[in-house]
Amino acid sequence: MTRNNTLRFHSRVIHAGQTPDRWEGATLPPICQSASHLHPTAENLSQTFGGKTSDHIYMRLTNPTNRVLEEKLTALESGRGAVAMSSGMAAITNACMALLRTGDEFVTGNSLFMSTYVLFANIFKKYGITARLVESTDLAALENAISEKTRFIYLETIGNPKMDVPDLAAAAEIAHRHGLPLLVDNTLATPYLCRPLELGADVVIHSTTKYLSGHGDATGGVVIDSGAFPWAGNDRFPDFKPFIDRKGPLAFLDKVWREHHINFGTTQAPLHSYLTMVGLDTLALRMERHLANAQQVAAYLQSRSEVAWINYPGLLDNPSHAVADRQFGGLGFGGVLAFGLADQAACFRFINSLQMVYHLANLGDCKTLVIHPYSSQYLSFDEPTRQALAISADLVRLSVGIEAVEDICADLGQALDSI
Ligand SMILES: *Cc1c(COP(=O)(O)O)cnc(C)c1O
């Protein structure tokens with residue numbers, strides 16, 4: 001039984017996809033640690049391979065624990081189906097590869113997660129695929145970059161570390177006018193803050209490694225399909241025919257799963273799905289605190305003379321403030337912010353002086369995390385690319401955790417005192 005249709009988000013995040021009656025009353029799904037599954041008859045296995053049952057065959061294809069997570073995330077994002085994968089990058093790679101052939105193009109905002117940028121700008125290029133990068137919030141540029149070779153539009157709900165927030169409903173409208181699907185990486189917003197499919201997007205992708213699991217203990221990714229994009233009869237997608245014949249509205253998800261996920265072997269480990277679900281139970285509560293803390297930390301940093309600039313959509317003078325306020329229903333503006341100190345040396349002194357805040361490469365953890373992207377994730381990038389991605393040497397990125405905000409500000413404050 002899925003008790004999910006009438007519940008509010010705070011309740012749905014806990015109860016969606018839960019079927020304790022099927023698990024001998026267990027309130028958490030069992031970790032089904034089995035590489036393959038028994039079949040009662042030869043006829044049954046043949047039918048399962050033919051897609052006529054949803055029985056499990058082999059862990060690389062599907063797994064019962066992963067399926068519970070898929071059902072939960074489908075419900076939370078108002079989708080129609082999902083595939084859980086081993087990482088956010090696995091989800092992005094499989095979703096895009098399912099749509100791309102040699103010679104194709106796609107249009108993407110230029111405010112991209114670091115590995116997504118590498119995949120789009122460097123790796124796809126090796127296969128003759130062109131990513132047309134435009135300013136994420138410039139809708140006219142987005143539309144102008146569309147050609148007859150375009151296969152999709154790709155955006156992130158909140159850019160990182162640019163903190164820009166594109167208008168997803170308007171972008172979906174442009175995409176649909178040209179017969180294209182809109183894919184959205186919703187990792188930084190989470191379905192608590194924004195549900196892109198409800199705004200007209202066609203596919204949502206998450207790195208579940210971040211807020212959804214929330215405790216820095218699991219990696220994972222997911223592709224969620226709205227089931228609403230009309231693939232049939234669309235001249236841009238002649239290669240979708242067998243998937244439409246097989247799965248109708250879920251043709252895209254079937255292509256992602258059948259053609260890429262199971263053959264690339266981007267399997268999610270059931271333990272990671274389990275940990276992600278334990279984390280999900282507190283997503284709404286954690287997000288409330290992340291959002292409130294980030295807003296207060298931004299205000300605190302504004303009061304400090306050592307801070308040259310702050311980029312956070314929650315600040316009134318931020319270029320993305322109005323769109324974010326409307327799109328996120330006034331709930332908040334995300335838990336990540338970027339700010340500038342005098343130079344790289346000041347950033348290093350600041351980071352080295354922090355006592356409670358963790359210095360590491362991650363975000364969306366319940367702990368407050370800091371990093372200097374220019375000298376770490378973007379170390380090997382050339383200067384023009386760093387500039388295009390807004391990665392400056394004076395930039396510090398902070399993922400605000402759920403500790404007492406007074407303690408976060410006190411730690412930031414004493415580290416600013418010592419630069
Ligand atoms: C972390 C992240 C990813 C990649 O996810 P992994 O789980 O690390 O592979 C993709 N997009 C965004 C926005 C992220 O923050």
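Counting starts at 1 for both ligands and their atoms, following the listed order. Given the structure is predicted, the values throughout are model-derived calculations rather than measurements.
- Nearest to atom 5 (O) of ligand 1 by heavy-atom distance, out of Ala90, Gly159, Ser207, is Ser207.
- Between Glu288 and His10, the side chains place a donor N or O and an acceptor N or O closer than 3.5 Å (distance only, hydrogens not considered).
- Applying the 4.0 Å criterion to heavy atoms of Gly220 picks out, from ligand 1, the atoms 7 (O).
- Within the 4.0 Å heavy-atom shell around ligand 1 one does not find Gly364.
- Scanning the protein for heavy atoms near atom 1 (C) of ligand 1, the closest one is Lys210 NZ, 1.3 Å.
- If you take CD on Glu173 and NE2 on His178, they are separated by 9.0 Å, rounding to the nearest 0.5 Å.
- Contact annotation: Asp185 has at least one heavy atom less than 4.0 Å from an atom of ligand 1.
- A side-chain donor-acceptor contact under 3.5 Å links Asn186 to the backbone of Cys194.
- The aromatic ring centroids of Phe229 and Phe240 lie 6.0 Å or more from each other.
- Taking the ring centroids of Trp231 and Phe252, they lie under the 6.0 Å cut-off.
- A centroid separation of less than 6.0 Å is found between the aromatic rings of Phe106 and Phe120.
- Residue, atom and distance of the protein heavy atom nearest to atom 4 (C) of ligand 1 are Phe113 CE2, 3.3 Å.
- The main-chain N or O of Tyr374 is found under 3.5 Å from a side-chain atom of Arg386 such that the two form a donor-acceptor pair.
- Nearest protein heavy-atom contact of atom 6 (P) of ligand 1 is Gly88 N, 3.3 Å.
- In this structure, Ile92 counts as a contact residue of ligand 1, since one of its heavy atoms falls inside 4.0 Å of the ligand.
- For atom 7 (O) of ligand 1, the closest non-hydrogen atom of the protein is Thr209 OG1, 2.7 Å.
- In this structure, the protein non-hydrogen atom closest to atom 9 (O) of ligand 1 is Met89 N, 2.9 Å.
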